[in-house]
Amino acid sequence: MQKSGKTVLIFLVIAALVFGGVFLVIRMTSNVGRTPSDVSEEDAIAVMERLYKKIRVNTLAPIKDMVDLEEVNIAESLPDISKYPPQVNNTTNDFVEIFSSTEKATISSSGADTDRWLVDMANQFNKAGIEIDGKPVSIRIRGIASGLGVDYIVSGKYVPDAFSPSNELWGDALKSMGVRVNLVEKRLTGNVAGIVLSKAKHKELTDKYGSISVKTITEAVGNNELQMGYTNPFASSTGANYLISTLYTFDASNPLSDTATAEFIKFQSNIPYVAYSTLQMKDSAKSGMLDGFVFEYQQLMNSPDLKNDYIFTPFGVRHDSPVYELGSLTPMKQEILREFIAFCKTDAAQKAASDYGFNGHNEYAIELSEINGERLPQAQKLWKEKKSGGREIIAVFVADVSGSMDGAPLNKLKESLLSGSKYINNDCSVGLVTFSTDVNIALPIGKFDLNQRSLFTGAVKNMQAVGSTAMFDAIVVASKLLMEAKAGSPNAKLMLFVLTDGETNQGCSLNDCRSMITGLQIPIYTIGYNANISVLAQISSINEAASINADIDDVVYKIQNLFNAEM
């Protein structure tokens, strides 16, 4: 009996270990932060070929159509400003509306609310009963990403009274684009952008280079010693800061020179990842895939899952939330704005800002005093043209043409693909796959010259909605097209864009495809039209791509920005 008891005990221990191992494997395979060794490319291709054999694939006849070569009208593509409602509404007839960067004017649906300092200040100001010339006054705050705010202002689609971006680069950029701006406050509250390195990588680079700076980081990236990520410089203040700081590091006298451009191409060839947004960068950092990334100090202080594992080094221009008047304000509006700025700079207001993570690194001064924000639009243009680091970009668009897309969804999908295609560089290679019950190769991959653009336009315009939703079948087919294209261009950067409104109800599933997606390491960008966003986010997270929750009103602008950032 005693022997039997020992046997049972041993069995239970072994069972626990086996179960624990299986559980660990499940956790590993469901983790966003997968490593390339989880599934080999060879195994992934085998899965892809096995799945492909089960899919009915049609190759559609090519159809050419006229290409619209006119520049994109930003005002038309921007959604109505009502898509970005105020976080604080005015309470009086005399008021000032301010576009504010989101790190200080976001009300979180999750209840975290660490980015609402300016919201609190405006609410307190509006309740304080402040009067000017005997008239009660108030503030309206509209939290909006700095890059998006610039687009509204430059296009004239919607222009507030004042603008408080994260840093002065955006104000200088507006000035360079002919917008009348007047800097009325350099620092509403203190903040800095920084390079965030894991403790081990920070020690390694400090031991070699002596210190951490934009210059040493560019050297480390150029020497392939650092897996570094940064954010889209068209949308992110930190990304814009990092881009222009890097270019000035290459050539302080002319950041757009041939020398700076050549060094930037070399630098970009070793950058594995540019995040579409700060939120995506934060999620990627949690996965542990990167040695370093860029982030605002205030954001890091409100990320307990990150701040204890990384070391922060400030860089570039300060992020002190400057305030600009836009256009020609009335004397009343000018005075309201100055009263509100004074309200925000009181000791009590600044203590509240500090409680939200602001006012750190007050001693930091810009290391590259030559930086001129008026060059930001030119720097962004250079980034757009050279960000691939000399590698060919090959992309396949996967469009949902199932029955549920009929009407407005499909019309918007067509409009967004056609307008977004204007942001695709001519040296990219592009294909198009559509799916419903079956999968259709609507356009084989080809260099995106005028001929391919004409074929792309014809294929998009000819899409019709009918049938079920075989999304993962389409991902398999698109992946096969990309891998075949890679055979002729081994160093190419591959990517997939999936546009859909619904859950898969036909063909293979995510579980069937997961190992293929993981092993091929092709980033899959998903755009959901009121779709099951959690499923699309899972798909995108496997290889660190963006998942966009779009609706009919704003999808055109969002896709334009995504293509601009990635292609």
Side-chain angles (χ1 to χ4, degrees), residues 166-169 187 190-231 233 236-255 257 259-260 262-275 278 281-282 284-285 288-301 303 306-320 357-373 379 383 389:
S166 298
N167 60 45
E168 291 185 40
L169 293 174
R187 173 173 171 150
N191 199 12
V192 290
I195 297 161
V196 183
L197 296 174
S198 67
K199 291 180 179 178
K201 186 58 65 173
H202 186 277
K203 182 180 186 306
E204 175 190 325
L205 297 183
T206 302
D207 289 346
K208 178 173 181 178
Y209 295 100
S211 64
I212 303 299
S213 66
V214 173
K215 185 176 188 302
T216 58
I217 289 297
T218 57
E219 289 181 22
V221 170
N223 293 330
N224 209 21
E225 300 167 338
L226 174 65
Q227 294 295 301
M228 177 78 182
Y230 64 94
T231 39
S236 162
S237 296
T238 307
N241 195 352
Y242 188 69
L243 168 64
I244 202 163
S245 297
T246 299
L247 291 171
Y248 269 94
T249 297
F250 294 140
D251 188 342
S253 62
N254 182 5
S257 68
T259 298
E263 289 295 322
F264 179 72
I265 292 171
K266 178 184 175 183
F267 170 77
Q268 279 296 117
S269 67
N270 287 325
I271 288 288
Y273 180 60
V274 176
T278 300
M281 177 61 75
K282 184 175 180 179
S284 299
M289 295 289 284
L290 299 171
D291 298 321
F293 53 96
V294 299
F295 219 45
E296 283 189 323
Y297 183 75
Q298 182 264 350
Q299 293 284 304
L300 187 64
M301 289 302 96
S303 303
L306 294 177
K307 69 179 182 180
N308 295 326
D309 297 324
Y310 292 89
I311 297 176
F312 181 95
T313 303
F315 78 86
V317 302
R318 290 188 60 91
H319 283 214
D320 286 340
F358 292 101
N359 293 324
H361 290 278
N362 284 333
E363 76 292 344
Y364 171 74
I366 183 171
E367 59 194 48
L368 297 166
S369 57
E370 305 91 348
I371 289 180
N372 179 355
W383 179 82

Test log, rule salt bridge (charged side-chain N to carboxylate O under 4.0 Å, His left out), inputs Lys215 and Glu219: CA-CA 6 Å; Lys215 185 176 188 302; Glu219 289 181 22; 2.6 Å; yes
Ile371 and Ile244, any side-chain heavy atoms less than 4.5 Å apart: yes
Considering all heavy atoms, the nearest Phe315-Ser245 contact: CD1-OG, 4.0 Å
Any Tyr248 side-chain heavy atom under 4.5 Å of Val214 side chain: no
Any Gln268 side-chain heavy atom under 4.5 Å of Ile271 side chain: yes
Nearest-0.5 Å distance, OH of residue Tyr230 to CH2 of residue Trp383: 6.0 Å
Any Asn359 side-chain heavy atom under 4.5 Å of Arg187 side chain: yes
Nearest-0.5 Å distance that lies between atom OG1 in Thr218 and atom CD in Glu263: 8.0 Å
His319 side chain near Gln298 side chain, heavy-atom distance below 4.5 Å: no
Heavy-atom pair with the smallest gap, counting every atom of Ser236 and Gly239: OG-N, 3.0 Å
Partner of Val294 by side chain to side chain contact (heavy atoms under 4.5 Å, CB included), out of Val196, Leu243, Thr231, Asn241: Thr231
From Asp320 atom CG to Asn167 atom CG, the distance as rounded to the nearest 0.5 Å: 9.5 Å
Asn270 side chain to Val221 backbone, donor-acceptor under 3.5 Å: yes
CG-CD1 distance between Leu205 and Ile311, expressed to the nearest 0.5 angstrom: 10.5 Å
Smallest separation among heavy atoms of Gly360 and Tyr297, with atom names: CA-CE2, 3.7 Å
Side chain Thr238, main chain Ala193, donor-acceptor under 3.5 Å: no
Asp251 side chain to Thr259 side chain, donor-acceptor N/O pair below 3.5 angstrom: no
Distance in Å, Phe250 CZ paired with Thr246 OG1, rounded so as to fall on 0.5 Å steps: 6.0 Å
Donor-acceptor under 3.5 Å (Tyr242 side chain, Ile195 main chain): no
His361 vs Glu363 side-chain heavy atoms within contact, under 4.5 Å: yes
Worked verdict on Thr249 versus Phe267 for side-chain contact (heavy atoms from CB on, under 4.5 Å): CA-CA 12 Å; Thr249 297; Phe267 170 77; over 6 Å; no
Any side-chain heavy-atom pair of Val317 and Glu168 under 4.5 Å: no
Minimum side-chain heavy-atom gap Leu197-Glu204 below 4.5 Å: no
Check: Lys201 side chain, Glu225 main-chain N or O, donor-acceptor pair, under 3.5 Å: yes
Results of side-chain contact (heavy atoms from CB on, under 4.5 Å) for Leu306 - residues two or more places apart only: Lys282, Ala285, Lys286, Phe293, Phe295, Leu300, Ser303, Tyr310
From Thr313 atom OG1 to Ile217 atom CD1, the distance as rounded to the nearest 0.5 Å: 7.5 Å
Shortest non-hydrogen contact between Leu247 and Ala260, atoms and distance: O-CB, 4.1 Å
